[in-house]
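Labels below follow one simple rule: chain letters A, B, ... track the order of the sequence lines, proteins then strands, and each chain is numbered from 1. Here the structure is a predicted model, which means the values were calculated and not measured.
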Amino acid sequence: MSQLNIYNTLTRKKEKFEPINPPFVGMYVCGPTVYGDAHLGHARAAITFDIVYRYLKYLGFKVRYVSNITDVGHLENDADEGEDKIQKKARLEEVEPMEVVQHFTIRYHDNMARLNVIRPSIEPHASGHIPEQIELVEKIFENGYAYESNGSVYFDVLKYNKDHNYGKLSGRKIEELYETTRKLEGQQEKRNSFDFALWKKADEKHLMRWNSKWSNGYPGWHLECSAMGMKYLGKQFDIHGGGIDLQFPHHESEIAQSVAAYGSEPVKYWMHNNLITINGQKMSKSLNNFITLYELFSGENSLLKKEYSPMTVRFFILQAHYRSPLDFSNDALLAAEKGLQRLIAALETSEKLKTSEKSTVDIKKIINSAFDALNDDFNTPIFISFLFEAVKMINFIRIGNETITQFDLEELKKFLNASVFEILGFKNEKSSDTDNLKLSSDLINLILNIRLDAKKNKDFATSDLIRNKLTELGIVIKDTKEGFEWDIN
RNA sequence: GGUGACUUGGCCGAGUGGUUAGGCACCGGUCUGCAAAACCGUAGACAGCGGUUCGAAUCCGCUAGUCACCUCCA
């Protein structure tokens, strides 16, 4: 079997994954800014790195997974230039900024739990790491890569670029940045338009503010990830992930900050997931064309034909490679829903298979091919396609076109369970065993047995009446040779 | 304007210089009292135009279209 290879944005190549300090792996992923509900795009990032986390653990690595909650700092692009996002929302609703943060953090966690995303090992809040961020600014200052201007501190990109390479991650050149950087508030304080803030002096309206030797203010846009990544994973760690839209300037600047402060490259493998588009356009808060996860789960959005379960969303996302753009559509979600059902149904079928003396199927080949795909930069679509080969195999065995030995069947089941639940992180959405469910299921069985009797007596009027009424209630009846099976729709 | 990427069958979406990705839909079949569900099966593609090659959807060039980053963003 092959070894894990990861596409590294820094080198633009797939590289063999070799942790700095095996068997430990440090992974940092840029988390959400909690000033609104998570949308499909957040789900993609979270699920992408959930797979990375799950698979690394499956491979036996000891992973520390850090993902931040951004609750302070980032500037907004509208009339309120310079005003903090969290603060703006708070002003609108007349609540405390931290109240907004708490509200949306809880909802974010709830969404992620429904998607069966494993919580990171550490989820640091930016607001809880102000001293660390200030310390980092001081360090950069001491090393001569920052300057103070009117109470704010800026990163001296030009100076840094003389000694290092600003633009290595995103493939940008300083000369190009001269012409293309937009005019923003505070520009006159900077030596160059592409310099970025490390510490920003707060104006009198600003609610979220902290004291520092430079001014009463708040930390710059890119600082928190550098500071918190360093604190929990060290000055050099293995994987840093995030959306492709963070590549520049956010991640580029993170590298610069770390190198400027400590002279060492902070991250070995940079990973970026692509975006979800809607009608071919990026889904984002600023474009206001996003579908929140709550809407997706409930169907309450005019773009949605129906509601889609969290596992359907998960499957939809994993059926595309994480580095490709993925376009939202109802048809695609519907297809994902069906496909996932078939996969889960085959897992149930695999529990009922009869075994034989000989196997006519090649389990090893499927398993090896599947893992080869996963090892090739987490190619989940190909991985899933091999799961469907296994689905077909299971169904063939059931109808007697193929046979399998006890040993092979155990191997196959082990593989499928590990793949579907442990690695891909699906859960069976039907299996919530409550007393109520037990009672309903007994009742349905009772009614369907009455129907079976009616059928035996050729009383089709009764049997069809029962069938129609149960169908109306959303119960899918599956007549089989032995009798019946059923499912709640 | 600069940089990067994309264009695959009805829809979604992988991939590679020569061999069926896969899912959904459609159509055909098995099962059924009839259906449904389930399962099985067939068919269908690589934006256009040139070039390299024994052979290209896969490499190169041009054309058209789309997107992303350059501004907070997953």
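Distance noted for atom P between B:G13 and B:A47: 15 Å (whole Å). When the C1' atom is used for both B:U71 and B:C12, the distance is 32 Å, rounded to whole Å. Taking atom P on both B:A56 and B:C46, the two are 14 Å apart, rounded to the nearest angstrom. When the P atom is compared between B:U19 and B:A45, the two are found 15 Å apart, to the nearest whole Å. B:U58 and B:G17: their C1' atoms are spaced 6 Å apart (whole Å). Comparing the C1' positions of B:G55 and B:U16 gives a spacing of 14 Å, expressed to the nearest Å. Rounded to the nearest Å, the gap between the P atom of B:G29 and that of B:A36 is 12 Å. One C1' atom belongs to B:A25, the other to B:C11, and the distance between them is 7 Å to the nearest Å.
Between the CZ atom in A:R12 and the CG atom in A:L10 there is a gap of 8.0 Å [rounded to 0.5 Å].
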Scan the side chains in residues 383-394 of chain A for donor-acceptor partners under 3.5 Å anywhere in the protein, sequence neighbours excluded, and list what turns up.
unit_1 : atom_1 : unit_2 : atom_2 : d
A:S385 : OG     : A:I382 : O      : 2.7

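Mapped onto RNA chain B by nearest heavy atom, A:I399 and A:T277 fall at different nucleotides, with A:I399 at the one closer to the 5' end. Take the nearest nucleotide of RNA chain B for A:S284 and for A:K458: the residue whose nucleotide is more 5' is A:K458.
Residue A:L275 places its side chain closer to B:A68 than to any other of B:A68, B:C70, B:A35. Closest to the side chain of A:D245, from the set B:C34, B:C40, B:C73, is B:C73.
Within 4.0 Å (heavy atoms only), A:L333 reaches no atom of the nucleic acid at all.
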Counting primed atoms plus P, OP1 and OP2 as sugar-phosphate and everything else as base, spell out the protein contacts along nucleotides 12-25 of chain B at 4.0 Å heavy-atom distance: B, S or - for each nucleotide, 5' to 3'. SSSS-----BSBSS
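Two rings, from A:F415 and A:F371, have their centers less than 6.0 Å apart.
Between the base of B:G33 and the side chain of A:S463 there is a donor-acceptor pair shorter than 3.5 Å. Under 3.5 Å, the side chain of A:R467 and the base of B:C34 form at least one donor-acceptor pair of N or O atoms. A donor N or O paired with an acceptor N or O is not found under 3.5 Å between the base of B:A5 and the side-chain atoms of A:N274.
Dashed line: the shortest gap from a side-chain N or O of A:N395 to OP1 or OP2 of B:C40 is under 4.0 Å.
RNA chain B forms stems at B:1-7 with B:64-70, B:10-12 with B:22-24, B:27-30 with B:38-41, B:47-51 with B:59-63, each a run of 3 or more consecutive Watson-Crick or G-U wobble pairs whose two key distances fall under 3.5 Å.
Environment of CG in A:N457: crowded, with over 12 heavy atoms of neighbouring residues, nucleotides or ligands closer than 6.0 Å.
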